[in-house]
Amino acid sequence: MTEGTDTVKALIERSNRLGSDPKNTNYAGGNTSAKGIETDPVTGEDVELLWVKGSGGDLGTLSEPGLAVLRLDRLRALTGMYPGVEREDEMVAAFDYCLHGKGGAAPSIDTAMHGLVDAAHIDHLHPDSGIALACAADGEKLTAECFGDAVVWVPWRRPGFQLGLDIAAVKEANPQAIGCILGGHGITAWGATSAECEANSLHIIRTAERFLAERGRPEPFGPVVPGFEPLPQDERRARAAELAPHIRALASADRPQVGHFTDTNVVLDFLSRAEHPRLAALGTSCPDHFLRTKVRPLVVDLPATAPIEEVIARLGELHGEYRADYAAYYDRHATPDSPPMRGADPAIVLVPGVGMFSFGRDKQTARVAGEFYVNAINVMRGAEAVSAYAPIEESEKFRIEYWALEEAKLARMPKPKPLATRVALVTGAGSGIGKAIAHRLVAEGACVVVADLNTQNAEAVAAELGGPDKAVAVTVDVTSEDQISAAFAAAVLAFGGVDLVVNNAGISISKPLLETTARDWDLQHDIMARGSFLVSREAARVMAAQKLGGDIVYIASKNAVFAGPNNIAYSATKADQAHQVRLLAAELGEHGIRVNGVNPDGVVRGSGIFAAGWGAQRAATYGIPEEKLGEFYAQRTILKREVLPEHVANAVFALVGGDLTHTTGLHIPVDAGVAAAFLR
């Protein structure tokens, strides 16, 4: 094992330990590095390299491909061509000429800090405790009081080459120091070994935590305001679910967003206190924070028990004010070279007594935005406890938010998938056709609520799909209005709303007319005809509140139009569903909601319905062995092909994927060609 291999291994392990604890740094925040010797494969001579976390990576999950690898001699030689702070952004492109071999990941803006500071190992982190000192009005004085001369104060400077030079000079002038507090930003620590560097980072973080706890005044956010206390959990969750689609409509005025809801004690306590309006208006602190949360949140200024209609109306007024304020912020600071305004909607919406709604281009981004605002609350608490919260100037926030380098980073992001930002709820998704549909929708970028009567199956499918940032499971009996309401409430709390509903849940009873009981008839119709109606009604309520349009898809059947033997209850209810498509398409079009259907036939393999006895019944009807049923169905079709759950899922995607935006009231046959079921 070479020295470089040992160095990289230690760096990865240190990064993962530090990044796995949110007290040390936020998601994707901060960076770590190590310097070491490798053999140059061209000259055979030793070369000193820098391994540093690349742009966009996360310390907690960092692996070797996430490291940028640069030649240290070339990186340090850049100081000779540095054109000054006004043109420091040009230095990022120069990093490409310092790469060793293919260079690994793209170097981040903080690469200069790691290369220019004379230490073998460096950690740059964003701990709440460190940022609290960094954003305190008298942070420099408090840093000296907390650490003595072991940690040095560095005034705010935007990340870049000049900041690297500044910290290098601080390190050289203070040989006793183990690190520094970066005003308005975070901390940097160093060490001669990886273990020493990690120990110094943790010492700074934990010492700051103790200092804030011991020196801090009680109730830094002020007294509780009567009426703004947290509602009881069930009551606030119910109110949050009722508000979520309306709030998502506001957050998505410029472009659709996925949502996340948080009602932790940290958030609820902050919103109950007298100082929360003032502090929220000051905006978030660390650059990593406000890039995710925008410079400030939208805050509802009504008590927790205000009538829901009054809150919804006030949200609309506040949203108009927020957009005007954000546009004015952009106009105050934009230059002819600034990127266009990216959107004026809030990323964070705070509702006293209820909690926080956060938004982003996908669930992970929305969740992380909320986590960052919790970081911001912790920072505000710490700064207010020992001093006063004083984040960087608004003009500096704008320089970060609309930085050309940040714009270039956004431009490098992959093109969104067709169903990005869309939230789907699929009934009967624990098996068979519903499971295949859920998989296809997630593969195309959607978040999916896996709804099924079988809790275990639903949870298994949600796990297969990638867990809570991609899919959540809900238990729902579609004959129950209460369970359907609860399922949609869970959906909007998980993802902000619902845009796409697939009515797939069903059973099949195959009997001749004279053997079909009234109970058979009622059960078949309760689950499919009535269940689809109830699900569609709840979906329409949510979609209308969101003002984003939407899709409702019915998985009907060839039997909706084909008259076969021994199938009266099933085929009649499928015909009912098929006409619901036409009726709802006519009614919901004014809300931009499209309603379409898919008519499958003979989906045997992977089908929960066929496995539950329907297959045996149909095989008996046709006088064939059950294991031959799929082949039998295939041979009676025009194409002589067996229909699988994936084929039905493909049809659903065709309807909702963006190419059929002007189509509603349509049924697509997925039956390999059954002439008797051709639509007329």
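Basis for what follows: all heavy atoms, side chains included, without hydrogens, waters or symmetry-related copies. Note that the numbering runs from 1 along the sequence shown for the chain.
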K.L.:
Please identify each residue that fulfils side chain to side chain contact (heavy atoms under 4.5 Å, CB included) with Leu679, with sequence neighbours left out.
P.N.:
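By the side chain to side chain contact (heavy atoms under 4.5 Å, CB included) rule, Leu679 matches Val561, Asn599, His667, Pro669.
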
K.L.:
Is it the case that atom CD in Glu587 sees more than 12 heavy atoms from other parts of the structure closer than 6.0 Å?
P.N.:
no

K.L.:
Restricting to salt bridge (charged side-chain N to carboxylate O under 4.0 Å, His left out), what partner residues turn up for Arg541, sequence neighbours left out?
P.N.:
Glu538

K.L.:
Kindly say whether Thr663 contributes a backbone atom to a donor-acceptor pair with the side chain of Arg594 at under 3.5 angstrom?
P.N.:
yes

K.L.:
Counting distance only, does the side-chain N/O of Ser358 pair as donor-acceptor with the main-chain N or O of Ile348 below 3.5 Å?
P.N.:
no

K.L.:
Could you pull out all residues at least two apart from Asp21 that satisfy salt bridge (charged side-chain N to carboxylate O under 4.0 Å, His left out)?
P.N.:
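By the salt bridge (charged side-chain N to carboxylate O under 4.0 Å, His left out) rule, Asp21 matches Arg206.
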
K.L.:
Has the side chain of Gln483 got a donor or acceptor atom that lies under 3.5 Å from a matching backbone atom of Asp477?
P.N.:
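Answer holds: yes.
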
K.L.:
Between Glu371 and Arg292, is the closest basic N to carboxylate O distance under 4.0 Å?
P.N.:
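Salt bridge: no.
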
K.L.:
Determine whether the side chains of Gln524 and Thr573 contain a donor N or O and an acceptor N or O closer than 3.5 Å.
P.N.:
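No, because no side-chain N or O of Gln524 sits under 3.5 Å from a partner of the opposite role on Thr573.
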
K.L.:
With rounding to the nearest 0.5 Å, note down the distance linking CZ in Arg361 to CD in Gln257.
P.N.:
9.5 Å

K.L.:
From His246 NE2 over to Gln546 CD, what is the distance, rounded to the nearest 0.5 angstrom?
P.N.:
9.5 Å

K.L.:
State, with a plain yes or no, whether a side-chain heavy atom of Ser480 is found less than 4.5 Å away from one of Ile484.
P.N.:
no

K.L.:
Decide side-chain contact (heavy atoms from CB on, under 4.5 Å) for Tyr554 and Ser532; before the verdict, give the C-alpha distance in whole Å, the side-chain angles of both, and the deciding distance to 0.1 Å.
P.N.:
CA-CA 8 Å; Tyr554 280 67; Ser532 296; 3.4 Å; yes

K.L.:
Salt bridge or not between Asp452 and Lys435? Use side-chain N to carboxylate O under 4.0 Å.
P.N.:
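Salt bridge: no.
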
K.L.:
For the atom pair CG (Leu523) and CD1 (Ile527), what is the distance rounded to the nearest 0.5 Å?
P.N.:
4.0 Å

K.L.:
Please check if the number of heavy atoms outside Glu64 that lie under 6.0 Å from its CD is greater than 12.
P.N.:
no

K.L.:
Taking Asp263 for the side chain and Gly355 for the main chain, is one N or O donor matched with an acceptor at less than 3.5 Å?
P.N.:
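No.
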
K.L.:
Do Ile624 and Glu631 come within less than 4.5 Å of each other through their side chains, counting heavy atoms only?
P.N.:
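No, their side chains stay 4.5 Å or more apart.
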
K.L.:
For residues 52-59, which side-chain donor-acceptor pairs fall under 3.5 Å, sequence neighbours excluded?
P.N.:
from, atom 1, to, atom 2, distance (Å)
Lys53, NZ, Gly30, O, 2.6
Lys53, NZ, Gly57, O, 2.8
Asp58, OD1, Ala28, N, 2.8
Asp58, OD2, Gly60, N, 3.4
Asp58, OD2, Thr61, N, 3.4
Asp58, OD2, Thr61, OG1, 3.3

K.L.:
If you define the side chain from C-beta out and look only at heavy atoms, does anything of Met543 sit under 4.5 Å from Leu588?
P.N.:
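Not in contact.
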
K.L.:
Taking only residues two or more places apart in sequence or in another chain, which ones pass salt bridge (charged side-chain N to carboxylate O under 4.0 Å, His left out) with Arg422?
P.N.:
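Partners of Arg422 by the salt bridge (charged side-chain N to carboxylate O under 4.0 Å, His left out) criterion, ordered by chain and then number, come out as Asp551.
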
K.L.:
What is the distance from atom NE2 of His260 to atom OG1 of Thr365, rounded to the nearest 0.5 Å?
P.N.:
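Output value for this atom pair is 12.0 Å.
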
K.L.:
Between Asp499 (side chain only) and Gly550 (backbone N and O only), is there a donor and an acceptor less than 3.5 Å apart?
P.N.:
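Absent.
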
K.L.:
For the CG atom of Asn503 and the CE atom of Met528, what is their distance to the nearest 0.5 Å?
P.N.:
11.0 Å

K.L.:
Going by distance alone, is a donor N or O of one side chain under 3.5 Å from an acceptor N or O of the other, for Asp110 and Asn31?
P.N.:
yes

K.L.:
So Val351 and Phe357, side-chain contact (heavy atoms from CB on, under 4.5 Å) or not? Walk me through it.
P.N.:
CA-CA 8 Å; Val351 183; Phe357 299 83; 3.9 Å; yes

K.L.:
Would a distance-only check, ignoring hydrogens and angles, find a side-chain to backbone donor-acceptor pair under 3.5 Å from His439 to Ala436?
P.N.:
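The answer is no, because no donor-acceptor pair under 3.5 Å joins these two groups.
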
K.L.:
Before you tell me yes or no, could you show the steps for His647 and Glu642 under side-chain contact (heavy atoms from CB on, under 4.5 Å), namely the whole-Å CA-CA distance, both residues' side-chain angles and the distance that decides it to 0.1 Å?
P.N.:
CA-CA 10 Å; His647 301 140; Glu642 185 175 354; over 6 Å; no

K.L.:
Is the positively charged end of Arg248 above the ring of Phe495, judged by distance under 6.0 angstrom from the centroid and angle within 45° of the axis?
P.N.:
no

K.L.:
Looking only at side chains, do Asp576 and Gln580 share a donor and an acceptor under 3.5 Å apart?
P.N.:
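Their side chains do contain a donor-acceptor pair, which is all the 3.5 Å distance test asks for.
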
K.L.:
For Lys640, does the NZ atom have more than 12 heavy-atom neighbours from other residues, nucleotides or ligands under 6.0 Å away?
P.N.:
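More than 12 heavy atoms, drawn from other residues, nucleotides or ligands, come within 6.0 Å of this atom.
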
K.L.:
I would like to know whether Val478 and Leu534 meet side-chain contact (heavy atoms from CB on, under 4.5 Å); could you show each step before the answer?
P.N.:
CA-CA 7 Å; Val478 295; Leu534 293 175; over 6 Å; no

K.L.:
Just by distance, do the side chain of Asn504 and the backbone of Thr427 share a donor-acceptor pair under 3.5 Å?
P.N.:
yes

K.L.:
So, does Lys547 use its side chain to make a donor-acceptor pair with the main chain of Ala544 at under 3.5 Å?
P.N.:
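Judged by distance alone, no pair lies under 3.5 Å.
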
K.L.:
List the residues meeting salt bridge (charged side-chain N to carboxylate O under 4.0 Å, His left out) with Arg636, not counting sequence neighbours, and say none if there are none.
P.N.:
Asp601

K.L.:
Using 0.5 Å steps for rounding, measure from the OH atom of Tyr326 to the CG atom of Asp345.
P.N.:
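Those atoms lie 10.0 Å apart.
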
K.L.:
So, the side chain of His319 versus the backbone of Leu250: is there a donor-acceptor pair under 3.5 Å, distance only?
P.N.:
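A pair under 3.5 Å: yes.
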
K.L.:
Within a strict 4.5 Å, meaning less than it, do heavy atoms of the Arg239 and Glu242 side chains meet?
P.N.:
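Not touching, per the 4.5 Å side-chain cut-off.
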
K.L.:
Grab the two heavy atoms, one from Asp671 and one from Lys558, that are nearest each other, plus how far apart they are.
P.N.:
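Minimum heavy-atom contact is OD2-CG, 4.2 Å.
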
K.L.:
With no hydrogens and no angle check, is any side-chain donor or acceptor of Arg342 less than 3.5 Å from a backbone partner on Glu401?
P.N.:
yes

